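Take a look at the structure below.
The model shown is predicted, which means the values in this text are computed figures rather than measured ones.
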Amino acid sequence: MTTLSNLDLVAQFGWTMQIIYDSTGGRVPKYWRPPYGDTDMRVRAIAKEIFGLTTVVWNHDSADWAQTATPPIETALTGFLASPKHPGLIILEHELTNITVSGFIEAYPLIQQNGWNFQSLIKASGNGATYQNAQSDTGAVTPMSILASGNFVPVSSTTSSSSSSGSSSTSSSSSTSMSGSTSTSSSSSTSSSSSTSSSPSGSSTSASATTTSTSPSTTPTTQTSGAQSLSVQNQRIFGAQSLSIGIFFITLAVSLSS
């Protein structure tokens, strides 16, 4: 992830979140795990400030993926038993083969006998909510975009045009917010979302997508200028989004360098 550009990172997070959003009834992911643990301040900042994602990495590696027998895995999974139980451990493991799975199954009783409690990441951190806008896969969903709200700078503009047969004017304004919604007089809105995929290293990746929907404009326009007005509005929407994202990255760069 650290070798990707800012725009590539936005695409990675956004496409994956969009898939999750679309397939879970509008639920927005809350956590993500970088593949191979490859992350830095820039990557974490984009994940958090644009998509509201909390980065999760492990602090104990079982290295089970490299083993051909269960004993080394058992040793790796029980070597921490005498260590302090606070703040706890997030252990990297894989369901790659019967050997990796058996290694955990055989180590589990010993870990439990030494007073370690097993909890999901959701319960061990935060408020127990699985998603940013829902407690669980079955709980109520609070409508929201996949983009973190409040991080876009509002941008507005107004245009007018007149025809030779008389004077007819059209006006539109566009504002963009980090909540991922863009509003205009023609009621255009844009939203994005993402998901998580796992790699052999036991890590997960994210990606990004954008869907656009439009509803009939509440602002009267003439038939002759309708297509032209829609084109101008679309250009304005995309321009506002680009400007807002650009401002965010400039701010981020200044923050990281200071």
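In this structure, the side chain of D64 does not engage the main chain of E93 through any donor-acceptor pair within 3.5 Å. A distance-only check finds no donor-acceptor pair linking the side chain of R27 to the backbone of T130 [under 3.5 Å].
Of all non-hydrogen atoms in F51 and V10, the two that sit nearest each other are CZ-O, 3.5 Å. Between N133 and V141, the shortest heavy-atom distance links the atoms ND2-CG1, 3.4 Å. S136 and G139 get closest at one heavy-atom pair: OG-N, 3.0 Å. Of all the heavy atoms in A148 and G52, the pair that sits closest is CB-N, 3.8 Å. Annotation for A76 and S62: closest pair CB-O, 3.5 Å, computed over non-hydrogen atoms. Of all the heavy atoms in G103 and L77, the pair that sits closest is O-CD1, 3.8 Å.
At a threshold of 4.5 Å between non-hydrogen side-chain atoms, the residues T100 and W65 do not count as touching. Residues N6 and I46 form a side-chain contact, since some pair of their non-hydrogen atoms from C-beta on lies under 4.5 Å apart. Within the 4.5 Å cutoff, no side-chain heavy atoms of Q132 are placed close to those of T142. The shortest distance between side-chain heavy atoms of V101 and T97 does not fall below 4.5 Å. Looking only at side-chain heavy atoms (C-beta outward), K48 and T55 stay at 4.5 Å or farther from each other. Put simply, the side chain of W32 reaches to within 4.5 Å of the side chain of V43, judged on heavy atoms. Using a 4.5 Å cut-off on side-chain heavy atoms (C-beta onward), L89 and N59 make contact. F104 has its side chain out of reach of I73: every pair of non-hydrogen atoms, C-beta onward, lies at least 4.5 Å apart.
Distance check, rounded to the nearest 0.5 Å: CH2 of W58 to CD1 of I90 gives 10.5 Å. Annotation: the span from T39 atom OG1 to R44 atom CZ amounts to 5.0 Å, rounded to 0.5 Å. In this structure, CD on E74 lies 11.0 Å from CD1 on I105, to the nearest 0.5 angstrom.
Remark: the T2 side chain and the D38 side chain contain an N/O donor-acceptor pair separated by less than 3.5 Å.
Counted within 6.0 Å of CG on N127, heavy atoms from surrounding residues, nucleotides or ligands total more than 12; the atom is thus considered enclosed.
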Quiz: residues 113-124 side-chain donor-acceptor pairs under 3.5 angstrom, not counting sequence neighbours:
from, atom 1, to, atom 2, distance (Å)
N114, ND2, L110, O, 2.8
W116, NE1, L81, O, 3.3
S120, OG, K123, N, 3.3

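Listed by chain and residue number, nothing satisfies the ring-ring contact (aromatic ring centres under 6.0 Å, His included) test with Y131 (two or more places apart in sequence, or in another chain).
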Residue pair K30, L53: steps toward the side chain to side chain contact (heavy atoms under 4.5 Å, CB included) verdict: CA-CA 5 Å; K30 186 176 182 180; L53 290 170; 5.8 Å; no
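No continuous path of ILVMFWY side-chain contacts below 4.5 Å connects L92 to Y108, so the two sit in separate hydrophobic clusters.
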